[in-house]
Amino acid sequence: MKPDMKKIKREFFQKSALKVARNMLGKYLVRETSEGKCVLKIVETEAYMGVDDDASHSYRGRLTDRNKVMYENGGVFYIYSIYGIYYCLNVVTNKKNIPQAVFIRAAEPLEGVEILKKNRNMNNFNFLHLANGPSKIAQALGLNKEFYGRSVENNRLYFLEGEKVSSKEIALAPRINIDYAQCAKDYPWRFFIKGNKFISKKQFYSL
DNA sequence: AGCGTGATGGTCT
DNA sequence: GACCATCACGCTA
């Protein structure tokens, strides 16, 4: 990793979630704790487009304690718990009161593997499965609601410029586990790096 | 490889 | 009271 790599600023996220989801591929997600530093390369994302997207938590302007941070100006974290035991990591996008977000689905471990491994506490260790799912990422990085609503411009959880990913390397597909959506169920709002070994497992089913 | 299922509790109506 | 932007494991083959 280049030492001069720049931190990504909030402005990066203040555009359509579709654009941001695509542009987040190849970026590095960095987690720093007293234990050390972990770096993940983002390889799969999903866009949640807000009021017109019936898969989105903010569909038709829905506003609850859980999702209220989606209405903030882009560049803050939206973390929620799911199935009682897991967390999902999103970054709020677009401008204030346009409640969109990018869901980070899968990542490739680049640095801090021992810490990721310890946090994941896997019975059968598999490097490919360290961070190849949204809640695996949260678990591997030791995330909880502590970062709910926090700006991406902080020193504990942030993004770096990472690697350029050309359009040719990117594939689109429907999003995962949104069967409850009627209209948007099959919209190709999932983005991933073609052929990357760390994309989430369900990916392969649809290829 | 693909499908089915249990765990587990916060959130929403 | 039902749902859920998940995961791991076990089964079939």
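Letters A, B, ... mirror the listed sequences (proteins, then strands); counts begin at 1.
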Can you name the salt bridge (Lys or Arg N to Asp or Glu O under 4.0 Å) partners of A:Glu72, sequence neighbours left out? A:Lys96

Examine C:dT6: is either OP1 or OP2 under 4.0 Å from a nitrogen or oxygen in the side chain of A:Arg105? Give yes or no. yes

Once salt bridge (Lys or Arg N to Asp or Glu O under 4.0 Å) is applied, do any residues pair with A:Glu35, and if so which ones, sequence neighbours excluded? A:Lys118

Qualifying ring pair (Phe, Tyr, Trp, His ring centres under 6.0 Å) pairs, either residue in residues 43-64 of chain A, two or more places apart: A:His57-A:Tyr78, A:His57-A:Tyr80

Those residues at least two apart in sequence (or on a different chain) that pass side chain to side chain contact (heavy atoms under 4.5 Å, CB included) with A:Lys95 are A:Gln14, A:Asn73, A:Ile98

Could you provide the dot-bracket string of DNA chain B, using ( ) for intrastrand pairs, [ ] for crossing pairs and | for bases paired to another strand, with Watson-Crick or G-U pairs below 3.5 Å? |||||||.||||.

Identify, with sequence neighbours excluded, every residue that meets side chain to side chain contact (heavy atoms under 4.5 Å, CB included) alongside A:Val51. A:Pro99

Residues pairing under salt bridge (Lys or Arg N to Asp or Glu O under 4.0 Å) where one sits in residues 3-29 of chain A, two or more places apart or in two chains, turn out to be A:Lys27-A:Glu161

Distance criterion of 3.5 Å, no angle test: do you see the side chain of A:His129 paired donor-to-acceptor with the base of C:dA8? no

Name all residues meeting the salt bridge (Lys or Arg N to Asp or Glu O under 4.0 Å) criterion together with A:Lys185; count only those two or more places apart in sequence or in a different chain, and write none if there are none. none

Who are the side chain to side chain contact (heavy atoms under 4.5 Å, CB included) partners of A:Leu110, not counting sequence neighbours? A:Tyr28, A:Val39, A:Lys41, A:Glu108

Which residue pairs pass the side chain to side chain donor-acceptor pair (under 3.5 Å) test with at least one member in residues 139-152 of chain A, sequence neighbours excluded? A:Arg120-A:Gln139

Does A:Phe147 have its ring centroid less than 6.0 Å away from the ring centroid of A:Tyr158? no

Dump every N/O contact between nucleotides 1-3 of chain C and the protein below 3.5 Å, one line per pair.
none

Return no unless some side-chain N or O of A:Asn123 is found under 4.0 Å from OP1 or OP2 of C:dC9. yes

For nucleotides 9-12 of chain B, which of its nitrogen or oxygen atoms have a protein nitrogen or oxygen under 3.5 Å away, and what is each distance?
| residue | atom | partner | partner atom | Å |
| --- | --- | --- | --- | --- |
| B:dG9 | N2 | A:Tyr83 | N | 3.2 |
| B:dG9 | N2 | A:Gly84 | N | 3.3 |
| B:dG9 | N3 | A:Gly84 | N | 3.2 |
| B:dT11 | OP1 | A:Lys145 | NZ | 2.5 |
| B:dC12 | OP1 | A:Thr64 | OG1 | 2.2 |

